Structure formats: structure tokens, C-alpha cells
Amino acid sequence: MTAIFAQHARLPDGDAALGGTAARWARGVRIEVDAQGNIGAVAENASPRPGDEAVSIVLPGMADLHSHAFQRAMAGLAETAQAAGDDFWSWREWMYRFMARLTPEDLQAIAAQLYLEKLQRGCTAVVEFHYVHHDPQGRPYADPAHMGHRLIAAAQEAGIGLTLAPVLYTYGGFGRAPLQAHQQRFATQVDDVLRMLQSLRPAVDADAGQLALGLAPHSLRAVEAAQIHALLAGVDAAMPMHIHAAEQTREVDACLDVLGCRPVRHLLDAVGLDARWCVVHATHLSAGEVQGLAASGAVAGLCPSTEANLGDGLFPFVEYAAEGGRWGLGGDAHVCRDPFEELRAVEYAQRLARRRRNLAAVQAGAGSSRIGDRLWDAAVAGGAQASGRRIGRLAPGYRADLVVARLADAAADAYDIEDWLNQAVFGGGGVQVAAAMVGGRWQLRDGQHRDAAGIHARYRAALARLIG
Ligand code: NGQ
Ligand code: ZN
């Protein structure tokens, strides 16, 4: 058994069963980790015992609830004007061309690099929304889940927790539009995706503490509600479900044309949303959809840096939070890998739009009035919920996933601990993650990862090939 003794740790404040996401700083926290990699006991105002690992500031690790790992390799490469009127859709064509050459080796190399970077910045888990299933000619691999197995291997190389959600992608647009040539790598029917889960199941069960499966109908552009019902009928009721919705106004307009209502309204009425669902982006919502999504208990998967990068629009965060809506952070295209920066982006977008300050505190329920606290605690809880794993709380029975962090500020020690998250999100100095424990094992120590050199070398080789 391992035990950690932290000067300060961010402990849950309230009962998870009641849906509470609040947390608080506790002093002198002793955390015992059992042989399965779960938290056995947590005591505050405790004394260290011989053999305890003494650390300073401990946070539950963040879960990145929406990743397309391969897009990490495109970061910064799509920022050159192609034509007047570049937008999400022209970016998507560019992304498809980049993806067209991606091999299984490339995917694993890029994902391992990404997952290591995420660990180094405070994430201990990721949800992979995985849709590049087939070979570059669009032919299934001998094992239809071959690419998914590569993502599992990458998560194991880095030592991050993973929820792997294979994507159902049948149509090229609303009204059963055929797939484009570049979309053939995604082509799947319900049975194909259920077979992928079967192929992945033994690998996931063999590392059950670290890995879980989910399902991801890509979007209402690519999948119909009847197919989603067929997916749901084929899996157990706890499996997390993820879908993109209402990211672009063009999608909302096409949905209105073909289905007669807006995308999130369609999900609420024709699919039925609940706490197992993560609705990714949900950018363009009517007032009724804001209310319905919040009341459903689903998590809104906000991807601040990607949504800004792609010019998606602004999620109605203040209205949604006022309804008590749950949310978490997705790295999505990974143009930013730092959860603290992502949180700042959530708040600043609202300030710019509303010409007000300290907006994330305008939120239902009690809790800290510090914006950094509100943002971090809510995003940790939402990410954990969307991952479908027992993570996100430093409490007995949860996974021992935590980060040891310090403020990268010349006067770091001068701040009161109560201001730590505000400094981390808004102070401008950034955060150094000294150590990260995932499933009871130190994957990062003194800022070092055992296989960093190998992961970087394989990533460099993959990138050089892809952009060569
Ligand atoms: C994706 N990314 O699946 O990678 C999408 C683009 C689509 C974002 N939406 C493809 N940010 O939505 O059709
Ligand atoms: Zn996405």
C-alpha cells in the first residue's frame, strides 16, 4: 500500500450522489492507495506516517472528455488563409486531407505524445471520440477495431486513463446524404460499431481500472435517431454516450430543414438525454434547449480552444450554469493542451460578450465565490461523469488519479491556498505539474516520465512523415 501526505488537497465538499460538484481545500491530507489503484482512505488534519510520500498541493486529475488524438499533429498547421471565407467547413476539408494518410503507427505515436502532454498539464484521463476506423482506402482492417487498439496502447504507454468511444458514422449529412470519398475511413453501421466493442472488450477488461468503453454516434449529420436507439439496445445501461451537436449554425439550419427542429431539441425529444450522455459543443441553443439540456443531467462537452479556433460561436454558459447545467472540458483538436488555459477561455469569452466580470459564479447552488474554484471543480466533475469511470474525487472507492502541482510564479508560496485555483487560472504564470499519479502509480515524477524520450522520438517520426 502507498500513502501520500499532502499539505493541501482539494477534497470533495458534499455527496456525489446528490450531484454536487463543489470541493474545498483541506490541510494535512493523508491519502491511502490500495493494491487495485483505488483510494482506500482519506484523512484530513492528519499526521504523516513513516514511508508516506510527502507532497505539497494535490488536486484530483482533470478528465479531457473529448479528444480526436490524431488532430494533435495538425495543431498550428491550419492557420494559413486558403481562400477568402475560410471557416469550419474548409478546415474540415483540410483535416480530412491530413487524416487521409494516417497509419495505425502514426495514430499510436501521436496519441501517446498527446496523452503524455495532457498528463504533464494536469489531466489523468481522456475520452477518445474515435472515428478513423478503416485503412486509407476505406477498407476495414482485419480486426475492425485495429485503430482503437492502437489508442489503448498509446494510453498505456503514457499511463493515462482512457474511455474509448468508437464512433458510428453512416451518412455524409442530414437526409441520409452519402459519405464523401474522404469519409470512407469512418463508414460504419450499428453492427460494425458493436463488433468493435466486442473486439476491444478483452483488452479493456484486462486493464479494467484504467480503461472503459463508450459509444459515440458522431452527430445528427452522420447518424439517425433510430440508429442511436439500436446502439443503446446493444449495450448496458451504464455505458457513456457521446455525440457532437449544434456546433455550427449551418448544422442547426440543416437540422431544422430536414428534421423540423433544432439538434439538441431532437436529442432531447427523439433520443432522450440523461446523465450517461455527453453532448459535445452544444454551442447553438435556444432558451428551451438550454433549460432542457441542463435538466437532463447530461454533460455539455465544451471545447473552448477548438471552438474558438474553428469560429464556432459562443456557448450560452451563463444561462446554462444558472440552470445548474453540468459541463466539462474537451481538448478536441488539441490546439491547447492545458486545462487551466481552457478554463480561463470559458470565462473570458463570457466577459467579452457581456462586458461584465466574474461570471462563472452566477451559478445555481452554493459553493465558492472564486471563479477559479467554480471552473475547476465543475469541469473535474463533468469530465468524470462523461468518462463513465470512478474518477474525479479524492475519496474512498475512487481511482487514485491525482496531480501534484505548483504555481509557476516567483511568489508562489506567498498566496493563501484559498487563492490557488484563481492564481492557476487567472494569475498568468501557469501551473507546473510536478507529479501525476494514475491508478495509484506515479506516471510522472519530478516532472519526468519514464518513456518520454521514446514517445517524443516516435511522435517526431510520425509528424515528419505526415507533413513531408
Ligand atoms: C471531428 N471536429 O469529428 O473531428 C469534428 C469535425 C465534423 C469538430 N467538430 C468533423 N470540432 O464535425 O463533421
Ligand atoms: Zn469532436
Side-chain angles (χ1 to χ4, degrees), residues 64-75 77-79 86-100 102 107 110-111 114 126-134 147 151 163-175 177-188 193 214-223 240-255 263-264 267 277-284 299-315 327-336 342 345 383 386:
D64 177 342
L65 58 63
H66 188 73
S67 168
H68 309 293
F70 76 90
Q71 292 178 14
R72 161 67 186 93
M74 298 167 29
L77 294 176
E79 311 302 322
D86 265 346
D87 62 6
F88 173 90
W89 306 100
S90 59
W91 169 85
R92 194 174 79 154
E93 292 303 318
W94 190 95
M95 183 270 280
Y96 284 169
R97 288 199 300 279
F98 185 90
M99 181 233 29
L102 188 81
L107 178 63
I110 298 165
L114 169 71
V126 61
V127 181
E128 193 62 39
F129 195 108
H130 161 55
Y131 62 86
V132 186
H133 298 307
H134 309 318
M147 295 290 256
L151 290 166
T163 302
L164 179 59
V167 169
L168 174 62
Y169 203 115
T170 306
Y171 301 111
F174 285 99
L179 295 176
Q180 302 171 22
H182 273 138
Q183 295 171 326
Q184 292 299 332
R185 298 195 75 174
F186 325 150
T188 35
V193 175
L215 269 177
H218 182 275
S219 57
L220 291 173
R221 292 177 268 127
V223 173
M241 301 291 299
H242 288 239
I243 189 167
H244 295 120
E247 181 180 11
Q248 284 277 322
T249 52
R250 189 201 283 187
E251 173 185 328
V252 176
D253 294 343
C255 191
V264 171
L267 290 174
W277 280 90
C278 177
V279 182
V280 181
H281 308 302
T283 310
H284 299 286
V299 174
L302 309 186
C303 307
S305 61
T306 300
E307 290 158 7
N309 186 278
L310 299 180
D312 287 340
L314 204 53
F315 177 79
W327 62 278
L329 289 177
D332 195 351
H334 304 298
V335 287
C336 171
E342 296 280 27

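In each ligand, atom 1 is the first atom listed, and ligand 1 is the first ligand listed. Owing to the predicted nature of the structure, the values given are computational and were not obtained by experimental measurement.
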**Item:** Heavy-atom pair with the smallest gap, counting every atom of G383 and L65
**Value:** CA-CD2, 4.2 Å
**Request:** Determine, considering heavy atoms only, which of H68, H66, R92, M99 sits nearest to atom 10 (C) of ligand 1.
**Result:** R92
**Prompt:** Of F186, Y131, F88, Y96, which has the heavy atom at the shortest distance from atom 4 (O) of ligand 1?
**Reply:** Y131
**Prompt:** If you round to the nearest 0.5 Å, how far is CE of M147 from CG of L107?
**Reply:** 4.5 Å
**Request:** Pull out every atom of ligand 1 sitting under 4.0 Å from any heavy atom of D332, numbered as shown with elements.
**Result:** 11 (N)
**Request:** Could you tell me whether H133 and H130 have their ring centroids closer than 6.0 angstrom?
**Result:** yes
**Message:** Heavy-atom contact check, 4.0 Å cutoff: does E307 meet ligand 1?
**Reply:** no
**Message:** Between H218 and Y131, is the ring centroid distance below 6.0 Å?
**Reply:** yes
**Any donor-acceptor N/O pair, T188 side chain to V193 backbone, under 3.5 Å** = no
**Asked** Listing by chain and number, what protein N/O/S atoms are under 2.8 Å from the Zn ion (ligand 2)?
**Response** H66 NE2, H68 NE2, H244 NE2
**Prompt:** What's the shortest heavy-atom distance between E128 and A69, and which atoms?
**Reply:** OE2-N, 2.6 Å
**F88 side, atom CZ; E93 side, atom CD - distance, nearest 0.5 Å** = 10.5 Å
**Prompt:** Below 3.5 angstrom, do we get any N/O pair linking R221 and ligand 1?
**Reply:** yes
**Prompt:** Under the criterion side-chain hydrogen bond (donor to acceptor under 3.5 Å, both in side chains), which of R185, Q183, Q180 is the partner of Y96?
**Reply:** Q183
**Asked** Does even one non-hydrogen atom of Q248 get within less than 4.0 Å of ligand 1?
**Response** no
**Item:** Proximal atoms of ligand 1 relative to Q71 (non-hydrogen, under 4.0 Å)
**Value:** 4 (O)
**Fill in**
Note: ligand 1 atoms sitting under 4.0 Å from heavy atoms of M95 are 4 (O), 6 (C)
**Request:** List every atom of ligand 1 that sits less than 4.0 Å from any heavy atom of H281, numbering the atoms from 1 in the order shown and giving each element.
**Result:** 9 (N), 11 (N)
**Request:** Measure across G330 and P304 and return the closest heavy-atom pair with its distance rounded to 0.1 Å.
**Result:** O-CD, 4.3 Å
**Request:** Provide, to 0.1 Å, the distance between atom 3 (O) of ligand 1 and the closest protein heavy atom, together with that atom's residue and name.
**Result:** H218 NE2, 2.9 Å
**Message:** Please report whether the ring centroid of H68 lies less than 6.0 Å from that of F129.
**Reply:** yes
**Request:** Give the numbers and elements of all ligand 1 atoms closer than 4.0 Å to a heavy atom of L310.
**Result:** 11 (N)
**Request:** Please test Q184 against H134 for side chain to side chain donor-acceptor pair (under 3.5 Å), starting from the C-alpha separation and ending with a verdict.
**Result:** CA-CA 8 Å; Q184 292 299 332; H134 309 318; over 6 Å; no
**Request:** Report yes or no: do T283 and E247 form a side-chain donor-acceptor pair below 3.5 Å?
**Result:** no
**Asked** Would you say W91 and ligand 1 have an N/O pair spaced under 3.5 Å apart?
**Response** no
**Request:** Could you tell me the residue and atom name of the protein heavy atom closest to atom 9 (N) of ligand 1, and the distance to it rounded to 0.1 Å?
**Result:** E247 OE1, 2.5 Å
